[in-house]
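Below is one structure; the comments refer to it alone.
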Amino acid sequence: MTYSEDEILKNPLYQSVLYELEKAGKHIGINRNVMERLKLPRRSIRVSIPVRMDNDRVQVFNGYRVQHNHTLGPFKGGIRYHPGVNIGEVAALAALMTYKNSLLNLPLGGAKGGVQLDPSALSKAELEALTRRFTSELSPFIGPDKDIPAPDVGTNSETMAWMLDTFSLESGFSQTGVVTGKPVEIGGSKGRSCATGLGVVYILEKSLEVQNKNISEATIAVQGFGKVGLHACVEAHAMGARIVAVSDRSGGVYNPKGLNVTDLINYVGANRLIKGYPKAKSISNEDLLALEVDALIPCALDGVINSKNMKSIRAPLIVEGANGPTTPEAGEYLVNNDVLIAPDILANGGGVVVSYFEWVQDIGWLFWTEKQVRDKLKDVMYSSFEKVWNFAEDYPDKTKGKYKDLRLAAMGASLMRLEKAMKLRGQAW
Ligand code: GLU
């Protein structure tokens, strides 16, 4: 085993993803060779990125792009800028993209990238230089029909605009389809910026329905107030839900009567973080996870619901806006204790679904209206929920709780599509 394989396999998030893969594969009897092939990513790219900082000194950052599987189509997945980024985490997130894209019936494989840094510690000029150099390093491996990056934690539409520009400069012509999640003015799709949050809310709505509740009467707590959490709050509020608690990395706020989301967005716009918001009680991120609400929606990082805090969770529903927020141990404990979990590869799929719409518009020179995008997204999210729910009925698990293990069902449905495609292509058979 090479050094880097070992580094990947030892990562806790990668181990969790492998655990879920093996569990689902065994549950529905996926071919052994297919399982073997999926255990390690197809290609892991590691680059060092020198950046001349504002003080004129050169600092070198670690960057990664892991291409997990492309049986179903070009590699697809976001780019993360965060101090915790490492090859193992990126590989785990790339594998999750493979399973997410397969589950959502997209003609796409799975990838993920990242740079180990704290974006709030760099100036805009430094971030631009870093992004451009990172894109140059990746340019032999990415492209509209090879691998299509998108935003993730710590990156945004501006990052994508720099990537698009650098890649196009190197190609000698403009290639808008090389990234998704870019500004609408340069080929982005209407409805992309709110897509992950909106998709989370469609899955929230369906999950509440099976618990005989209506979103217009539901109370929710949202961890994370970035690209996913903020839009989940806005969209859930528009559908009548009461957002009683919200947090970011600085801490959280709670008001049992419901928070004024617009006011909170304005406060964060002016002060960058939630900390100090005067119109609600301050709470910690741990307090938020333990609130008695109809739904808990973790929209930040992985591993936040784990063996240490699983017994304090009081919400009967968890909708995973983040990738990997619940560890396998905590997930199994909660499902066995009557908690319904809408898993990440289903619940946060709205982002990559609209990324796919954006890519289709780019390569077909099309422009869809926001209504078209939202309607199509709703169809995909509702039908994916149904697919997972029915799969859970068709392949019953041994869960002792009130609800089926939807993560097992989602992974199962995803693996079944991948297995068929791998068989047809003569891969790993
Ligand atoms: N970063 C998002 C995710 O984890 C979106 C990926 C994409 O649009 O390619 O699903």
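For ligands, and for the atoms within them, numbers begin at 1 and follow the listed sequence.
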Looking only at protein heavy atoms, which one is nearest to [atom], and what is the separation?
{"atom": "atom 1 (N) of ligand 1", "value": "Asp152 OD1, 2.8 Å"}
{"atom": "atom 7 (C) of ligand 1", "value": "Ala150 CB, 3.3 Å"}
{"atom": "atom 8 (O) of ligand 1", "value": "Ser355 OG, 2.5 Å"}

Which ligand 1 atoms are under 4.0 Å away from a heavy-atom of [X]?
{"X": "Gly77", "result": "9 (O)"}
{"X": "Met97", "result": "3 (C), 4 (O), 6 (C), 10 (O)"}
{"X": "Val352", "result": "7 (C), 8 (O), 9 (O)"}

Pro151: heavy atom below 4.0 Å from ligand 1, yes or no? yes
Below 4.0 Å from any atom of ligand 1, is there a heavy atom belonging to Arg80? no
Side-chain ion pair, [X] and [Y], N-O less than 4.0 Å:
{"X": "Lys404", "Y": "Asp397", "value": "no"}
{"X": "Lys182", "Y": "Glu158", "value": "no"}
{"X": "Lys227", "Y": "Asp152", "value": "no"}

Determine the sole option in Leu334, Leu289, Ile297 for which the side chain to side chain contact (heavy atoms under 4.5 Å, CB included) test with Ile318 is passed. Leu334
Looking at Trp368, is Lys190 sitting on its ring face, NZ or CZ under 6.0 Å from the six-membered ring centre and within 45 degrees of the normal? no
Out of Lys76, Arg192, Lys100, who gets a non-hydrogen atom closest to atom 5 (C) of ligand 1? Arg192
Less than 3.5 Å apart, any donor N or O on the side chain of Ser189 or Gln361 sitting next to an acceptor on the other? yes
Quick one: do the Asn31 and Lys423 side chains pair a donor with an acceptor below 3.5 Å? no
Part of Asn323 with heavy atoms under 4.0 Å of ligand 1, whether side chain, backbone, both or neither: side chain
